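Predicted, not measured: the structure shown is a model, and the values here were computed from it. For ligands, and for the atoms within them, numbers begin at 1 and follow the listed sequence. Atom set for the values below is all heavy atoms of this structure, side chains included, hydrogens, waters and symmetry mates excluded.
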Amino acid sequence: MMEVRQATAPASVETATNAELRDRYLVDGLFADGEVRAVYTHEDRMVLAGAVPAGDEALALPAFEPLRAAHFLERRELGVINVGGPGQVLVDDAPYELGTLDGAYVGLGRRVAFRGAGARFYLVSATAHTDHGVAVFRRGETEPVELGEQRGASVRSLYRYVWGPGGHPSCQLQLGVTVIAEGSVWNTMPPHRHDRRTEVYLYTGLSDGDRVLHVMGEPDRTRHLWVADGEAVISPSWSVHAGAGTGSYAFVWAMAGENTDYGDLDPVALEAL
Ligand SMILES: O=C[C@H](O)[C@@H](O)CC(=O)C(=O)O
């Protein structure tokens with residue numbers, strides 16, 4: 001199943017109802033046992049998906065009809081983060097083990113499937129013009145960038161898996177995981193935009209009763225979304241993206257667009273919000 005979402009205009013955020021905001025920017029229901037569920041957004045043509053293998057069967061990544069492709073990665077590259085228990089990503093039938101919050105990159109042209117009951121694979125894809133191979137990223141072997149401060153309740157560790165020059169090469173994709181420290185609540189504070197890229201956050205590790213208050217929109221007219229575990233938010237290039245949780249959490253960030261320079265971002269001063 002693949003849902004298609006159109007691109008949207010920044011001014012429409014200010015007047016949208018809550019239901020309209022959720023329909024356009026919140027992505028829920030990606031994870032269902034034994035299925036691959038996907039959303040194609042026209043924001044930089046990113047595809048988000050959840051793949052939840054059940055039993056011992058390998059779950060193949062389908063060539064969803066809206067792609068009009070013989071197979072999913074015919075004209076695309078893929079990032080994978082396991083947000084569940086241990087499992088395997090099969091790339092051209094070769095298995096790669098991924099633990100919780102480990103990641104993988106799969107380049108153009110390869111065939112992908114998933115295996116392992118208990119694993120939950122979050123997938124992000126962008127259009128690609130050349131093959132950049134296959135890579136696995138282990139959270140335990142990745143040196144995080146430490147950000148934030150205790151007085152701002154924003155202490156967090158940012159694990160960069162695919163992040164442009166200095167990391168594994170990609171056509172467009174950048175991908176990583178940020179883990180909020182115990183007792184901190186804020187991500188991406190102070191916020192920023194990046195006019196040359198779309199970004200998607202997938203929140204994970206939240207308890208059932210907890211939520212993240214995710215802030216979006218142009219800096220001087222923001223709105224919010226209440227986000228539960230396993231839900232994602234699409235941030236078009238004009239939107240800030242930051243959030244505060246009612247409990248501890250982590251999130252997968254992924255970008256695609258004009259360049260793969262992680263540092264190409266436009267900080268937004270708090271006074272401008
Ligand atoms: O462009 C960068 C992305 O928004 C994230 O990498 C930021 C982030 O994880 C954080 O500051 O908490």
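Ligand 1 has at least one atom lying under 4.0 Å from a heavy atom of His192. Residue-ligand proximity: Arg160 is placed with every non-hydrogen atom at 4.0 Å or more from ligand 1.
Here the heavy atom of the protein found nearest to atom 9 (O) of ligand 1 is Thr178 OG1, 2.7 Å. Annotation: atom 12 (O) of ligand 1 to nearest protein heavy atom, Arg156 NE, 2.6 Å. Here the protein heavy atom with the shortest distance to atom 8 (C) of ligand 1 is Leu158 CD1, 3.6 Å. The protein non-hydrogen atom at the shortest distance from atom 3 (C) of ligand 1 is Glu199 OE2, 2.9 Å.
Both the backbone and the side chain of Thr188 come within contact range of ligand 1, each with a heavy atom under 4.0 Å. At a heavy-atom cutoff of 4.0 Å, ligand 1 is contacted by the side chain of Met255 but not by its backbone.
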Test salt bridge (charged side-chain N to carboxylate O under 4.0 Å, His left out) on Arg197 and Asp44; report intermediate values, then the result. CA-CA 7 Å; Arg197 293 188 301 276; Asp44 283 303; over 6 Å; no
Please assess Arg110 against Asp131 for the test salt bridge (charged side-chain N to carboxylate O under 4.0 Å, His left out), listing each intermediate value before the final yes or no. CA-CA 9 Å; Arg110 292 156 203 274; Asp131 173 26; 2.5 Å; yes
Met255/Leu173 under side chain to side chain contact (heavy atoms under 4.5 Å, CB included): CA gap, chis, key distance, verdict: CA-CA 6 Å; Met255 291 182 269; Leu173 265 188; over 6 Å; no
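Residue His241 approaches ligand 1 through these ligand atoms, each under 4.0 Å from one of its heavy atoms: 4 (O). Within ligand 1, the atoms closer than 4.0 Å to a non-hydrogen atom of Phe251 are 8 (C), 9 (O), 12 (O), numbered from 1 in the order shown. For ligand 1, the atoms sitting less than 4.0 Å from at least one non-hydrogen atom of His194 are 1 (O), numbered in the order shown with element in parentheses. Ligand-side atoms of ligand 1 in range of Tyr262: 2 (C), 5 (C), 6 (O), 7 (C), range being under 4.0 angstrom from any heavy atom.
Backbone and side-chain nitrogen or oxygen atoms of Tyr201 are examined, and one is located within less than 3.5 angstrom of a nitrogen or oxygen of ligand 1.
Surrounding CD of Glu20 are more than 12 heavy atoms belonging to other residues, nucleotides or ligands, all under 6.0 Å away. Within a 6.0 Å sphere centred on CD of Gln150, other residues, nucleotides and ligands contribute 12 heavy atoms or fewer.
Between His241 and Tyr201, the distance separating the two ring centers is shorter than 6.0 angstrom. Taking the six-membered ring wherever Trp is involved, the centroid distance between the rings of Tyr262 and Trp253 falls below 6.0 Å.
Val177 and Phe137 end up in the same hydrophobic cluster when Ile, Leu, Val, Met, Phe, Trp and Tyr side chains are linked at under 4.5 Å.
Note that Arg37 lies outside the cation-pi zone of Phe121, set by a 6.0 Å cut-off to the ring centre and a 45° limit from the axis.
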